[in-house]
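Keep in mind that this is a model prediction, so the values were computed, not measured. A, B, ... follow the sequence lines: proteins, then strands. Residue 1 opens every chain.
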There are 2 protein chains.
Amino acid sequence: MHEVANPVTTVETAFEIVEYVAEHDGAGVSEIATDLDRAKSTIHRHLGTLVQRGYLVEDGGYSLGLRFLDLGLDARDGRPLYHEAHAKVDELAERTGEKVWCMTAENGRSIHLHGASGTQSVRTNSREGDVGYLHQHAAGKAILAHRSPEHVGDIVERYGLPTRTDDTITDGDELFDHLERIRERGYAFNREESVPGLYAVGAPITDDRGVAIGALSISGPANRLAGETLTEEFPELLLGAVNEIEINLSHG
Amino acid sequence: MHEVANPVTTVETAFEIVEYVAEHDGAGVSEIATDLDRAKSTIHRHLGTLVQRGYLVEDGGYSLGLRFLDLGLDARDGRPLYHEAHAKVDELAERTGEKVWCMTAENGRSIHLHGASGTQSVRTNSREGDVGYLHQHAAGKAILAHRSPEHVGDIVERYGLPTRTDDTITDGDELFDHLERIRERGYAFNREESVPGLYAVGAPITDDRGVAIGALSISGPANRLAGETLTEEFPELLLGAVNEIEINLSHG
DNA sequence: AATTCCTGTTTCACTCATGGGAACAGAACT
DNA sequence: AGTTCTGTTCCCATGAGTGAAACAGGAATT
């Protein structure tokens, strides 16, 4: 997994602070110092520099600055996948009435790129930009199935297989078995592996070399995604959409 | 403007690198090193740590990581203004057919929070998350008009009054005159001060104490935003929308 | 095929900046 | 007035970031 030899520790603490503020909006110097186990003076100085650059704002407690929004949208808009998948995701959501996501992978984690809700979509607590684990959902497994075994092994080694429900895959061998079948089948299922009562289908978006660069998924309540809807109708819709996206990406 | 005494310089260089990559997508170690005038080894080590944390990705050249998207959307969703203004902006765009923006200020700079296009909107190159100068547009001036003169003075001192068109305000006294009139009038105009041929109206969104926390603006081609449309109709629409937003913010 | 000129990588001293401790001030509450 | 938080500032020691140089690998040149 190519560990970094000498990380710049000062930068790491800076981002630890940023990430702490992200999770504890409105935190103050003392609170951050005690929770991160650093001297108040250290935190104070870091906060000052981060504020000056616009990455944090202070208003009786520190919060994330909108500087991140600029960079974040820049990052998103830099991915052709986002642009190509956007309309297709919306279309699938309208057609199926369910929740549809375009996801991608980065650093061995899954990232929600764009989602659309149909008329009867379940309300999940997922949000664009959310970071998750690839082995926990249909889209992520579809991606893993189309990556090299070494790559998958590295990811498992790096993050483990954290559990979310009783049905989350927690065993490495089991995961590889799943991926094998997903590769043969062409798409992945998720039966309550991430959220109880939630089923999903996911299909990979691959590049010219057959490596997955992302995936689309349709998810909904288990009772509605039953029988041929789950095993025939939705997979077919996904494969059609995915195919179009792949063509547009290799373009044109 | 409360300068930071001792900035953490290592963190500053880290963000210099991040910002460089944002503007030069796909840049490499050598390029960054020469342009930022640092040793290659330094850049190399910084890039490594930033990649490991997910803030950059490497794929034959470095790019912004989607980690920023997560933080950026977090920052955006943390602002009540964004949520309250969202629907109103969409509504105004549909009703007027023009481009409507909700903007806010941070660190003395303007930030595009949410925009909506009407049926005949001009295509501007503005994007959500974009950072700009407050004195250059209607929304920004509306905000400045409802901030303390000292605060405005600090901002002018910090960033100057950069020009964009022949009509951009470049003189401090002139700016304060404008703000005076905007304060009396209740809304601001922008006649080709940011983009040639583009007119706009902006109205401030203030808190309980009368301090501006953001603004709405409607912009369109000068020929269409003429006469009473600019001076009567749109200001009235804006003031109505702004008023509702203010009520919801102080809530409720 | 050999050479050149790019990359990116690694190593290693040196120095400077980071980090922590402690002293300080100001607010909020008792 | 006293207590206990908060955030701020100073300063010193040390540990970490920086840069120079040497290195390796690839691409494009000859």
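The shortest distance between the side-chain N/O atoms of A/R38 and the OP1/OP2 oxygens of C/dG20 is below 4.0 Å. For the OP1/OP2 pair of C/dG8 and a distance below 4.0 Å, the side-chain nitrogens and oxygens of B/H44 include no atom meeting the criterion. OP1 or OP2 of D/dT18 sits under 4.0 Å from a side-chain N or O of B/H46.
Salt-bridge annotation for A/R183 and A/E180: present, with a side-chain N of the basic residue lying under 4.0 Å from a carboxylate O of the acidic one. Taking a cutoff of 4.0 Å between a charged side-chain nitrogen and a carboxylate oxygen, B/E244 and B/K88 qualify as a salt bridge. Residues B/R67 and A/E106 are not paired through a salt bridge, judged by the lack of any N-O separation under 4.0 Å between the basic side chain and the carboxylate. Using a 4.0 Å cut-off between a side-chain N of Lys or Arg and a carboxylate O of Asp or Glu, B/E19 and A/R53 qualify as a salt bridge.
Protein atom OH of A/Y62 is 13 Å distant from nucleotide atom P of D/dT6, rounded to whole Å. The distance from atom CG of A/L47 to atom P of D/dT9 is 13 Å, rounded to the nearest whole Å. Look at CG on A/N6: it is 9 Å from P on D/dG17, rounded to the nearest Å. Computed from coordinates, the B/D37 CG to D/dA20 P distance equals 9 Å when rounded to whole Å. In this structure, the CD1 atom of A/I32 is 17 Å from the C1' atom of C/dG20, given to the nearest Å. Taking atom CG of residue A/L36 and atom P of nucleotide C/dT18, one finds them 18 Å apart after rounding to whole Å. Distance B/I43 CD1 to C/dT7 C1': 15 Å, rounded to the nearest Å. Atom CD1 in B/I17 sits roughly 14 Å away from atom C1' in D/dG19 (whole-Å rounding).
Taking every side-chain heavy atom of B/K40 into account, C/dT9 is the closest of D/dG17, D/dT6, C/dT9. Comparing D/dT8, D/dC10, D/dG19 by their nearest atom to the side chain of A/S41 picks out D/dC10.
A/T9 comes within 4.0 angstrom of the backbone, heavy atoms only, and of no base. Using a 4.0 Å heavy-atom distance criterion, B/T10 is classed as a sugar-phosphate-only contact.
The residue among A/V11 and A/E31 whose nearest nucleotide of DNA chain D lies closer to the 5′ end is A/E31.
For B/H146 (side chain) and B/P204 (main-chain N/O), no donor-acceptor pair under 3.5 Å exists by modelled atom type.
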